[in-house]
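Below is one structure, written out as structure tokens; the observations come after it.
All of these numbers come straight from a predicted model, not from anything done at the bench. We count residues from 1, following the sequence as given. Computed from heavy atoms alone, side chains included, the values below leave out hydrogens, waters and symmetry copies.
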Amino acid sequence: MTFNFTVSPSFPNERISDWYIFNTWLQRALSLPIHLELYGSFGAQRVAIEEGKVDLIYANPFDASLLVREKGFRAIARPEGPPDEMVVITGTDSPAREIRDLQPGTRLACSDDPCVNTVGRILLEPANLDDSNTVEHRRETYIQVARELLRGEADIGFLPVEAFEGFSPLVRRDLRALVTSELHVIRHVFLVGPALAERTDELTALLLSMHESDKGRGILEALGARRWLPVQHEDVEFMIDIISTLDQ
């Protein structure tokens with residue numbers, strides 16, 4: 001039996017090959033046939049989840065909520081580092097200096113990342129902006145969101161902080177942040193599904209010790225991480241509660 005592994009589409013495109021390398025390492029370490037399937041959008045990945053085509057996943061916080069509470073998945077690890085935060089950006093020549101300066105009719109560029117968009121909408125509340133008085137431009141990638149602003153085709157954009165900080169100096173030169181979230185508890189997590197429940201302890205030990213070998217450490221660094229850290233069940237439940245509150 002082949003098990004299916006996937007990764008939240010929120011990672012940068014330049015790390016696609018690195019996730020394949022990670023998957024190969026994982027297969028060999030576990031002596032299991034694991035197929036990596038990367039989806040081009042959050043919607044396509046959510047369909048695969050609903051159809052039971054995912055056994056392992058490095059999940060964004062919103063999908064983690066669904067998988068843990070409705071699909072019987074267990075969170076076992078997260079990358080070391082700061083929590084996931086998002087930023088509302090604009091062009092450097094925009095007259096808006098803060099969120100309250102934004103007006104009805106604001107053109108908004110965003111991806112289909114449910115976590116980023118939900119938090120972004122909340123950050124717009126001080127300007128009394130919502131779906132009814134903004135014009136949304138959906139784009140496939142974060143760089144396309146930035147390009148909308150650089151071309152003057154959108155007034156603001158929603159991005160993960162990591163994506164914004166990962167842009168080249170040339171791109172960031174003409175962009176600036178209006179506001180950054182400070183939730184502190186939302187994170188991507190590595191989840192194991194019911195089909196691999198018997199291997200959960202082995203998987204956990206494998207990830208948590210990955211940084212101890214030169215090869216494992218090199219793979220982690222290519223993925224933008226230093227090491228995996230354990231995840232406590234109560235922390236995951238708290239994160240899910242926060243996400244449920246934000247999504248109401």
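L196 and I57 fall into different hydrophobic clusters, where Ile, Leu, Val, Met, Phe, Trp and Tyr residues are linked whenever their side-chain heavy atoms come under 4.5 Å apart, directly or through other members. In the hydrophobic clustering of ILVMFWY residues, with side-chain heavy atoms under 4.5 Å counting as a link, V119 and L108 come out together. Under the 4.5 Å side-chain heavy-atom criterion for grouping Ile, Leu, Val, Met, Phe, Trp and Tyr, M210 is connected to L36 within one hydrophobic cluster. V231 and F62 are assigned to two separate hydrophobic clusters, defined by single-linkage of ILVMFWY side chains at heavy-atom distances under 4.5 Å. Side-chain heavy atoms closer than 4.5 Å link hydrophobic residues (I, L, V, M, F, W, Y) into clusters, and following such links, possibly through other members, connects I122 to M239.
In this structure, T24 contributes its side chain and Y20 its backbone to a donor-acceptor pair below 3.5 Å. The closest donor-acceptor contact from the side chain of Q45 to the backbone of Y39 lies at 3.5 Å or more, if one exists at all. Side chain of S94 to main chain of T90: no donor-acceptor pair is present (N/O by atom type, distance under 3.5 Å, no hydrogens or angles). Although no hydrogens or angles enter the test, the distance criterion places no donor-acceptor pair under 3.5 Å between the side chain of N23 and the main chain of W19. Under the 3.5 Å distance criterion, the side-chain polar atoms of E85 are matched with a main-chain donor or acceptor of H184. T106 places a side-chain N or O within 3.5 Å of a backbone atom of Q103 that can act as its donor or acceptor partner. S209 contributes a side-chain N or O that, together with a main-chain N or O of L206, makes up a donor-acceptor pair within less than 3.5 Å. Although no hydrogens or angles enter the test, the distance criterion places no donor-acceptor pair under 3.5 Å between the side chain of E98 and the main chain of A96. In this structure a side-chain-to-backbone donor-acceptor pair under 3.5 Å is missing from D18 to G224. When atom types are taken as modelled, the side chain of N4 and the backbone of K53 share a donor-acceptor pair closer than 3.5 angstrom.
Closest approach of V116 and P160 over heavy atoms only: CG2-CG, 3.7 Å. Residues A109 and V145 come closest through the heavy atom pair O-CG1, 3.5 Å. Contact record, C110 with N117: CB-OD1, 3.4 Å, taken as the closest heavy-atom pair. Of all heavy-atom pairs between Y142 and S10, the closest is CE1-O, 3.5 Å. Minimum heavy-atom separation, A64 to V189: CB-CG2, 3.8 Å. Between V87 and A177, the shortest heavy-atom distance links the atoms CG2-CB, 3.4 Å.
F158 contributes atom CZ, which lies 9.5 Å from atom OG1 of T118 (distance to the nearest 0.5 angstrom). Separating the CG atom in D84 from the CG atom in N60 is a distance of 8.5 Å, to the nearest 0.5 Å. With rounding to the nearest 0.5 angstrom, the OG1 atom of T134 is 6.5 Å from the CG atom of L129. Residue L26 holds its CG atom at 11.5 Å from CZ of F3, rounded to the nearest 0.5 Å. The NE2 atom of H211 lies 9.0 Å from the CG atom of L220; values are rounded to the nearest 0.5 Å. A distance of 12.5 Å separates CG in L150 from CD in Q144, rounded to the nearest 0.5 Å.
No more than 12 heavy atoms of other residues, nucleotides or ligands shown are found within 6.0 angstrom of CD on E182. Within 6.0 Å of the CZ atom in R100, the count of heavy atoms belonging to other residues, nucleotides or ligands does not exceed 12. No more than 12 heavy atoms of other residues, nucleotides or ligands lie within 6.0 Å of CZ in R226, so this atom counts as exposed by the packing criterion. A 6.0 Å sphere centred on CD of E198 holds no more than 12 heavy atoms belonging to other residues, nucleotides or ligands.
L38 has its side chain within reach of I16: a pair of non-hydrogen atoms, C-beta onward, lies under 4.5 Å apart. Contact check for P61 versus H188: side-chain heavy atoms found under the 4.5 Å cut-off. Between Y58 and F11 the shortest side-chain heavy-atom distance does not fall below 4.5 Å. Using a 4.5 Å cut-off on side-chain heavy atoms (C-beta onward), H233 and R74 make no contact. Within the 4.5 Å cutoff, the side chain of E202 has heavy atoms near those of the L30 side chain. The shortest distance between side-chain heavy atoms of E237 and V68 falls below 4.5 Å. For the pair V161 and T180, the minimum side-chain heavy-atom distance is below 4.5 Å. Within the 4.5 Å cutoff, the side chain of I186 has no heavy atoms near those of the P83 side chain.
Side-chain contact check for D113 and S111: no donor-acceptor pair (N or O, by modelled atom type) lies under 3.5 Å. With no hydrogens or angles considered, a side-chain donor-acceptor pair links E37 and H35 at under 3.5 Å. S41 and E140 share no side-chain donor-acceptor pair at under 3.5 Å.
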L149 vs D155, side-chain contact (heavy atoms from CB on, under 4.5 Å): CA-CA, chis, key distance, verdict: CA-CA 6 Å; L149 294 169; D155 304 303; 5.6 Å; no
Side chain to side chain donor-acceptor pair (under 3.5 Å) between R173 and S168, intermediate numbers included: CA-CA 9 Å; R173 180 191 64 188; S168 69; over 6 Å; no
Check against salt bridge (charged side-chain N to carboxylate O under 4.0 Å, His left out), E162 and R15: CA-CA 14 Å; E162 182 181 18; R15 289 183 180 156; 3.6 Å; yes
Test log, rule side-chain contact (heavy atoms from CB on, under 4.5 Å), inputs E50 and L66: CA-CA 10 Å; E50 293 290 354; L66 165 72; 3.9 Å; yes
Worked verdict on R187 versus D235 for salt bridge (charged side-chain N to carboxylate O under 4.0 Å, His left out): CA-CA 10 Å; R187 299 176 182 274; D235 293 335; over 6 Å; no
side-chain contact (heavy atoms from CB on, under 4.5 Å) evaluation trace for L178 with I156: CA-CA 9 Å; L178 280 177; I156 59 171; 4.0 Å; yes
R227 vs L208, side-chain contact (heavy atoms from CB on, under 4.5 Å): CA-CA, chis, key distance, verdict: CA-CA 7 Å; R227 59 185 293 184; L208 297 187; over 6 Å; no
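For R172 and F164, the positive end sits near the middle of the six-membered ring, less than 6.0 Å away and at most 45° from its axis.
Within the 6.0 Å centre-distance limit, the rings of F190 and F5 are counted as a close aromatic pair.
A salt bridge is defined here as a Lys NZ or Arg NE, NH1 or NH2 lying under 4.0 Å from an Asp or Glu carboxylate O, and R46 with D63 meets this definition. Of the charged side-chain nitrogens involved, none lies within less than 4.0 Å of a carboxylate oxygen, so that D112 and R139 do not count as a salt-bridged pair. Taking a cutoff of 4.0 Å between a charged side-chain nitrogen and a carboxylate oxygen, E136 and R107 do not qualify as a salt bridge. No salt bridge links R147 with E153; every basic N to acidic carboxylate O contact stays at or beyond 4.0 Å. R69 and D241 are joined by a salt bridge, as a carboxylate oxygen and a charged side-chain nitrogen come within less than 4.0 angstrom of each other.
Taking the six-membered ring where tryptophan is involved, the planes of F22 and W228 are tilted, since the angle between them lies from 30° to 60°.
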